[in-house]
Amino acid sequence: MKLSWYGTAAVMLESEGSRIVFDPFLGLPLKDALCRRELAAIRYRTADAVLVTHGHFDHILDIPSLYRDSDVLIYATKTPCHTLLAHGVNKDKLQLIAPGSAVSIGSFRITAYQGRHCRFDLGVILKTVLKKDTLLHPQRLIELLQLNRRYPENGETLLYEIEAEGKRIQLTGSMGLDADTRYPTNADVLILPFQGTGDPAATVMPIIRQLKPKAVYLDHYDDAFPPLSSRINTLRFTSKLLFGGLPAAAMKYGKVYEI
């Protein structure tokens, strides 16, 4: 099974000729990111299906334009389905998925579990408001916050478990687990976002302890939509996990990982 990352929470899995992509997003059309946007769009359009972890703009904004002329099915919970319908996605392309649902796509078997979105704490709010990019482009921050309100999450964040070729991958939509959900443990790989709170390392450690994965890959640590996002230094955290005996890495853009 092959795994690759294309910024924010966009992850592609490939197995035995089947491809699925989670949360395809191109990032802001900034001048220094145009080549990456084109590369990501080409890869996203090769997918056999799209799976959405939750409805925030950095997870679904580009889906209507990416798949306007394709027959690719998009699996999402109720709120992002409504949002995508409002933005022109044909109802026939949308497949409702909910915690407890399981679906087979090619060689993949995918199960959805209730997750939880992290809370934006005071630390990350102050860091965002006071950063240089915000002071230089305050209107851009206002526009992104308005965009976020138009793309609600509504308590519907999912964790997906993906099975193929005798391997299990768990992919979380945000840095949180549902207290009332019993999750499977010991997946071969756990894919975690690493942004959204003042201390991402402290936020994700309880998730790692609970799920007990054999390896951890980080995504969503990049600066895809400044000034609301920032590039997070992951080295200290991954080094700590490695020192403790847990294989860990921040995924590199476009690199293919063999699972």
Any heavy-atom pair between the side chains of P227 and L144 that's under 4.5 Å? yes

Looking at CD of E143 and CZ of F225, how far apart are the two atoms once the value is rounded to the nearest 0.5 Å? 14.5 Å

Sub-3.5 Å donor-acceptor pair from the side chain of N90 to the main-chain atoms of D92, do we have one? yes

Nearest heavy-atom approach of G55 to P80 is CA-CB, 3.9 Å

Nearest heavy atoms of A215 and L246, plus distance in Å: N-CD1, 4.0 Å

Tell me whether R43 is salt-bridged to E14, with the criterion being a basic N under 4.0 Å from an acidic carboxylate O. yes

Spacing of CG belonging to L177 relative to OG1 belonging to T172, to within rounding of 0.5 Å: 7.5 Å

With a sphere of 6.0 Å drawn around CZ of R109, does it hold more than 12 non-hydrogen atoms of other residues, nucleotides or ligands? yes

ILVMFWY cluster, V216 and M205 together (side-chain gap under 4.5 Å): yes

Under 4.5 Å between side-chain heavy atoms, counting indirect links through other Ile/Leu/Val/Met/Phe/Trp/Tyr residues: same cluster for L85 and L73 or not? yes

Quick one: sort the H54 and H56 rings into parallel, tilted or perpendicular, breaks at 30° and 60°. perpendicular

Is there a continuous path of hydrophobic side-chain contacts, each under 4.5 Å between heavy atoms, that joins L211 to L242? no

Could you state whether Y44 and V256 fall into the same hydrophobic cluster, counting links through intermediate Ile, Leu, Val, Met, Phe, Trp or Tyr residues with side-chain heavy atoms under 4.5 angstrom apart? no

Derivation of the ring-ring contact (aromatic ring centres under 6.0 Å, His included) call for Y160 and Y113: CA-CA 6 Å; Y160 286 110; Y113 294 87; 9.3 Å; no

T53-D23 side chain donor-acceptor pair, cut-off 3.5 Å: yes

Applying side chain to side chain contact (heavy atoms under 4.5 Å, CB included), run through L96 and K78 and close with a yes or a no. CA-CA 6 Å; L96 189 64; K78 186 176 180 180; 4.2 Å; yes

Are side-chain heavy atoms of L241 and I208 found at a separation under 4.5 Å? yes

Kindly indicate whether the side chain of Q170, heavy atoms from C-beta on, has any atom under 4.5 Å from the side chain of P184. yes

Validation row: L13, L171 side chains within 4.5 angstrom (heavy atoms): no

Any heavy-atom pair between the side chains of Y221 and P200 that's under 4.5 Å? no

Any chance you could lay out the side chain to side chain contact (heavy atoms under 4.5 Å, CB included) test for I162 and I20, step after step, and finish with the verdict? CA-CA 10 Å; I162 307 101; I20 54 177; 4.2 Å; yes

Cut-off 3.5 Å, side chains only: do S174 and T157 have a donor facing an acceptor? no

Nearest non-hydrogen partners of L190 and P213, listed with the distance: CB-CB, 3.6 Å

Rounded distance (nearest 0.5 Å) linking atom CG of D188 with atom CZ of R168: 6.5 Å

Derivation and outcome, side chain to side chain contact (heavy atoms under 4.5 Å, CB included), residues L192 and M175: CA-CA 7 Å; L192 280 170; M175 297 188 296; 5.7 Å; no

Any I259 side-chain heavy atom under 4.5 Å of Y217 side chain: yes

Is there a donor-acceptor pair under 3.5 Å between the side chain of D62 and the backbone N or O of F25? no

Walk me through whether V21 and Y6 qualify under side chain to side chain contact (heavy atoms under 4.5 Å, CB included). CA-CA 10 Å; V21 64; Y6 294 94; over 6 Å; no

Distance col, row L84:CG vs T79:OG1, nearest 0.5 angstrom, shows 11.0 Å

Under a 4.5 Å cut-off applied to non-hydrogen side-chain atoms, are D222 and S229 in contact? no

From CA spacing to verdict: ring-ring contact (aromatic ring centres under 6.0 Å, His included), Y151, H87: CA-CA 11 Å; Y151 285 78; H87 287 82; 5.0 Å; yes

For M251 and Y257 the tightest heavy-atom approach is CA-OH, 3.3 Å

Of all heavy-atom pairs between A224 and T8, which one has the smallest distance, and what is that distance? CB-CG2, 3.1 Å

H220 side chain reached by D58 side chain, heavy atoms, under 4.5 Å: yes

One should read off an interatomic distance between I60 CD1 and E153 CD, to the nearest 0.5 angstrom, of 11.5 Å

If you look at every heavy atom in S107 and S18, which pair is closest and at what distance? N-OG, 3.3 Å

Measure the OH-CG distance between Y75 and L94 for me, rounded to the nearest 0.5 Å. 11.0 Å

